[in-house]
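Report on the structure given below.
Quantities reported herein were computed from a predicted structural model and do not represent experimental measurements.
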Amino acid sequence: MTNNIEISQSIHLHHGSGGEHMTKLLNDVIFKYLKNDILDVRHDGAFIKMNGNLAFSTDSYVITPIFFKGGNIGELAVNGTVNDLAMCGAIPRYLSLSFIIEEGLSLNEFTEIVKSIRTTADKAGILIVTGDTKVVERGKGDKIYINTSGIGVVHELADIKIKNIQPNDAILINGPIASHGMAIMSEREGLQFESDIVSDTTNLNYSVLELIEKYGHKIHFLRDATRGGLASVLHEIATDSKLGIDLLDENIHVENQVKSACELLGLDPLYVANEGLFVCIVADEIKIEVLEILKNININASIVGKVTHEHPSKIIMESAFGGKRVVNPLIGEQLPRIC
């Protein structure tokens, strides 16, 4: 056995046994690339100090393929939990990270995932402070699954609750829809087509922080539009608030290649997953100012509609020609294993 893990090697069951092979994996990959003062204590848990109201979120990532245009499962796992905390109006601080690795995953791929986790966490300003690694038999997993749990401090000006949504509130999104889902589908066996579609996975916490610091309680509600896409998130909001939503079709931007891919596969972009898109519901008087902030980050940010007391719990879409249709909730799973 050499002193350093060779990139040609792969994960074996003994890497999860708790013995010297596992110690070597932890030291040569996980602790090496995720190093920080809290994690370096190497206890069964993390010792952290926090003040204020806390937000806590957890999620698991089972995406296939694990590498795709614009990211990989590691980057997705960090951004997903960071964004869930941000949607609570919280500043992300600490993250736990657990791997379930299938025997046979190459150490080269695993190392690349861990490196991207560190880069993504640094970008979002969150520390990975504890975690776990398990290895399962070949055929009992799908290369690698990742669970992340995050803790953040809720901003003192934030009050992000469904009950705060009011009729005439403006609904904004921060960019084009459906890029992540179609980036994944373009990679899947049997559905490959030439494209430059890239996942929109990114951290949203800094954009949200800017909005909260400027407008406080006038930011009524936030939600990232991941599984089920924009339509599913809006249906949850309409159902929970018992208010209606009016949407403007022409204001919902879809990149041309994404639109073409959706047409090829018979998918509606409204229901396709995103990983860097969020819905922002704000008081009507600040909608133009909020839009300007979001457009400074992505020119395709837009005001896509408004909340109404009419047609409660329903979404009505108006076309560029003035026609209207009901946007129905998603039935079943349109794109499985997308995050």
Side-chain angles (χ1 to χ4, degrees), residues 55 57 59 79-80 82-90 158-181 200-212 215 217-254 268-284 286-295 297-298 300-308 313-318 327-330 338-339:
S57 183
D59 210 339
N79 283 335
V82 164
N83 292 345
D84 285 345
L85 292 172
M87 297 303 110
C88 298
D159 186 21
I160 312 299
K161 296 184 177 68
I162 199 83
K163 68 178 184 179
N164 294 336
I165 299 174
Q166 302 294 324
N168 211 42
D169 278 357
I171 303 171
L172 298 91
I173 57 176
N174 63 314
I177 67 171
S179 296
H180 174 73
D200 64 342
T201 180
T202 191
N203 60 297
L204 300 169
N205 51 312
Y206 298 122
S207 300
V208 170
L209 179 62
E210 182 176 1
L211 294 177
I212 291 173
Y215 304 110
H217 292 185
K218 291 183 180 181
I219 306 297
H220 290 166
F221 193 72
L222 302 167
R223 180 67 58 83
D224 53 340
T226 53
R227 284 174 295 177
L230 177 62
S232 295
V233 165
L234 293 177
H235 266 289
E236 290 177 8
I237 292 169
T239 299
D240 292 345
S241 68
K242 298 180 174 57
L243 293 168
I245 290 176
D246 289 329
L247 288 182
L248 297 171
D249 190 22
E250 62 182 333
N251 288 6
I252 301 173
H253 185 72
V254 186
D268 186 335
L270 284 173
Y271 301 94
V272 175
N274 312 275
E275 286 294 341
L277 186 88
F278 72 103
V279 174
C280 183
I281 301 181
V282 306
D284 182 68
I286 64 168
K287 65 183 180 184
I288 301 302
E289 298 168 66
V290 170
L291 180 61
E292 289 176 356
I293 291 173
L294 295 180
K295 277 187 171 291
I297 302 168
N298 189 315
N300 291 311
S302 59
I303 300 170
V304 296
K306 68 176 183 178
V307 180
T308 177
S313 300
K314 291 184 179 179
I315 301 172
I316 304 297
M317 176 84 81
E318 183 176 344
V327 178
N328 293 312
L330 177 65
I338 210 76
C339 62

Item to check | Residue from Asn83, Asp200, Ile338 passing side chain to side chain contact (heavy atoms under 4.5 Å, CB included) with Glu275 | outcome: Asp200
Next on the checklist: I'd like to know whether NZ of Lys242 has more than 12 heavy-atom contacts from other residues, nucleotides or ligands below 6.0 angstrom.
Outcome noted: no
Item to check | Non-neighbouring partners of Ala158 that pass side chain to side chain contact (heavy atoms under 4.5 Å, CB included), sequence neighbours left out | outcome: Val154, His155, Ile160, Ile212
Checklist entry - What do you reckon, is NZ of Lys306 surrounded by more than 12 foreign heavy atoms closer than 6.0 Å? => result no
Checklist entry - How many angstroms lie between CG in Leu243 and OG in Ser313, if you round to the nearest 0.5 Å? => result 7.5 Å
Checklist entry - If only atom types and distance count, is the side chain of His235 paired as donor or acceptor with the main-chain N or O of Val327 below 3.5 Å? => result yes
Next on the checklist: Treating Asn274 as the side-chain partner and Val272 as the backbone partner, does any N or O pair qualify as donor plus acceptor under 3.5 Å?
Outcome noted: yes
Item to check | Atom of Gly228, atom of Ser232 and distance for their closest heavy-atom approach | outcome: O-OG, 2.7 Å
Checklist outcome for this item: d(Thr308 OG1, Asp246 CG) to nearest 0.5 Å is 5.0 Å
Checklist entry - Rounded to the nearest 0.5 Å, how far apart are OH of Tyr271 and CD1 of Ile177? => result 10.5 Å
Item to check | Polar side-chain atom of Asn205 near backbone of Ala86 as donor-acceptor pair, under 3.5 Å | outcome: no
Checklist entry - Which pair of heavy atoms, one from Asn164 and one from Asp169, lies closest together, and at what distance? => result O-OD2, 4.0 Å
Item to check | Separation between CG of Leu248 and OG of Ser302, rounded to the nearest 0.5 Å | outcome: 9.0 Å
Next on the checklist: Given 3.5 Å as the limit, does a donor-acceptor pair link the side chain of Lys295 with the main chain of Ala301, or not?
Outcome noted: yes
Next on the checklist: So, taking the atom named CD1 in Ile171 and the one named SG in Cys280, what distance separates them when rounded to the nearest 0.5 Å?
Outcome noted: 10.5 Å
Item to check | Reported CG-to-NZ distance for the pair Leu222 and Lys161, which is rounded to 0.5 angstrom | outcome: 12.0 Å
Checklist entry - Between Asp268 and Leu270, is there a donor-acceptor pair closer than 3.5 Å when you use the side chain of the first and the backbone of the second? => result yes
Checklist entry - With Lys218, which residues qualify under side chain to side chain contact (heavy atoms under 4.5 Å, CB included), at least two apart? => result Tyr215, Ala283, Glu285, Ile286
Next on the checklist: Under the rule for side chain to side chain contact (heavy atoms under 4.5 Å, CB included), what residues qualify as partners of Asn300, not counting sequence neighbours?
Outcome noted: Pro176, His253, Glu255, Asn298
Next on the checklist: Taking Phe278's backbone N and O only, do any of them form a donor-acceptor pair with Asn174's side chain (distance below 3.5 Å, no angle check)?
Outcome noted: yes
